[in-house]
Amino acid sequence: MEKKQVRDVIGGISLFDIIIWIIIALLFVASFIGIIFPIIPSVLVIWIGFILYQFVLSGDQLNTLFWIAMIVITVLLFGADIIANSYFVRRFGGSKTGERAAAVAVIIGSFITPPFGIIYIPFLVVLIVEKIQNRTFKEAFRSAIGSLIGFLGGSVAKIVLQLIMIIWFLILILF
């Protein structure tokens, strides 16, 4: 009798199913918040939503191609920040040390003054690191601008890749 009471919430959909769907939706929203606050592991949060669906709601709609594609996109997501940051710091004349400093500064900045620390801390760190390496202020500033553009480029790439993951998931389960 208890199962019947739970099942009759909305046209045969259980209250449990509704709660799981709310959790999945919140996880997907949290993944985008994680782009601004790197303390939230964006891609891991998306995967938790996928796994909840697969093992709690329905195990037959997410096929092998979906899981392989999600693994590939996940690898791309992990590389997005590093690749974008390194590319733009280098492109704007930064040194290898400046590239590494920018990567570390993104992590540190997310703890100092989130969400803005991930923008201005790498900028300042690259500026200081490049000046310490006897670069002119103009060269150091240009490298620091590269770290800013790299962060923004990596963030845009993450947004696009996460949207692809979530839209692909929704298309598979809805159609």
Side-chain angles (χ1 to χ4, degrees), residues 24-51 53 62-172:
I24 290 170
L26 290 173
L27 288 167
F28 289 169
V29 169
S31 74
F32 291 102
I33 294 170
I35 293 170
I36 297 169
F37 295 100
I39 193 145
I40 299 171
S42 297
V43 73
L44 177 61
V45 171
I46 291 175
W47 272 86
I48 292 170
F50 294 162
I51 291 169
Y53 181 81
L62 303 179
N63 56 31
T64 304
L65 176 62
F66 171 82
W67 291 109
I68 291 170
M70 294 307 111
I71 290 169
V72 169
I73 294 171
T74 298
V75 170
L76 292 172
L77 274 168
F78 281 126
D81 270 342
I82 297 166
I83 293 166
N85 214 336
S86 293
Y87 173 78
F88 283 106
V89 169
R90 191 177 331 111
R91 178 130 162 64
F92 281 70
S95 64
K96 274 284 191 204
T97 306
E99 289 178 46
R100 291 183 193 115
V104 171
V106 166
I107 296 165
I108 293 169
S110 68
F111 291 104
I112 294 177
T113 53
F116 304 108
I118 56 177
I119 297 170
Y120 77 85
I121 298 292
F123 178 88
L124 293 174
V125 167
V126 170
L127 183 68
I128 292 166
V129 165
E130 295 296 336
K131 275 303 288 168
I132 289 171
Q133 294 183 64
N134 295 323
R135 303 276 176 117
T136 66
F137 181 79
K138 183 178 178 180
E139 292 169 329
F141 186 79
R142 184 173 160 86
S143 297
I145 292 292
S147 77
L148 179 61
I149 293 171
F151 167 75
L152 296 174
S155 296
V156 169
K158 283 179 169 181
I159 290 169
V160 169
L161 291 170
Q162 287 180 200
L163 277 172
I164 289 169
M165 292 174 82
I166 293 168
I167 290 169
W168 191 332
F169 168 78
L170 291 173
I171 288 171
L172 275 181

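Since the structure is predicted, the reported quantities are computational estimates derived from the model, not experimental observations.
- Counting all heavy atoms, side chain and backbone alike, Ala105 lies closest to Pro122 at CB-CA, 3.4 Å.
- Residues Ile73 and Ile164 come closest through the heavy atom pair CD1-CG2, 3.8 Å.
- Considering every non-hydrogen atom in both Gly154 and Ala84, the closest pair reads N-CB, 3.6 Å.
- Taking CZ from Phe137 and CZ from Arg142, the interatomic distance works out to 14.0 Å, rounded to the nearest 0.5 Å.
- Side-chain contact between Leu163 and Phe32: present, with at least one pair of heavy atoms (C-beta onward) separated by less than 4.5 Å.
- Using a 4.5 Å cut-off on side-chain heavy atoms (C-beta onward), Tyr120 and Thr113 make contact.
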Going through the checks in order, is the side-chain contact (heavy atoms from CB on, under 4.5 Å) test met by Ile71 and Trp47? CA-CA 10 Å; Ile71 290 169; Trp47 272 86; 3.8 Å; yes

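- For the atom pair Ile33 CD1 and Ile40 CD1, the distance stands at 5.5 Å (nearest 0.5 Å).
- A donor-acceptor pair is defined here as one N or O able to donate and one able to accept, closer than 3.5 Å; such a pair exists between the side chain of Arg135 and the backbone of Gly93.
- Of the possible donor and acceptor atoms, one in the side chain of Thr136 sits under 3.5 Å from a partner among the backbone N and O of Glu139.
- Atom-to-atom distance recorded for Gln162:CD and Thr74:OG1 is 9.5 Å, nearest 0.5 angstrom.
- Between atom CZ of residue Phe111 and atom CD1 of residue Ile118 there is a gap of 11.0 Å, rounded to the nearest 0.5 Å.
- Closest approach of Ala101 to Val125, counting heavy atoms only: CB-CG1, 3.6 Å.
- Side chains of Leu77 and Met165 form a contact here, defined as non-hydrogen atoms less than 4.5 Å apart.
- Here the side chains of Phe66 and Asn63 are in contact, with some heavy-atom distance below 4.5 Å.
- The minimum heavy-atom distance between Ser147 and Val126, with the atom names listed, is CB-CG2, 3.9 Å.
- The distance from atom CZ of Phe28 to atom CG of Leu26, rounded to the nearest 0.5 Å, is 11.0 Å.
- Atom CE in Met70 sits 11.0 Å away from atom CD1 in Ile68 (nearest 0.5 Å).
- Checked by atom type and distance alone, the side chain of Glu130 pairs as donor or acceptor with a backbone atom of Ser95 at under 3.5 Å.
- The main-chain N or O of Ser42 is never found under 3.5 Å from a side-chain atom of Ser31 such that the two would form a donor-acceptor pair.
- The shortest non-hydrogen separation linking Val89 to Ala102 is CG2-CB, 4.3 Å.
- Two rings, from Phe123 and Phe141, have their centers less than 6.0 Å apart.
- Considering only heavy atoms from C-beta on, Leu65 comes within 4.5 Å of Trp168 through its side chain.
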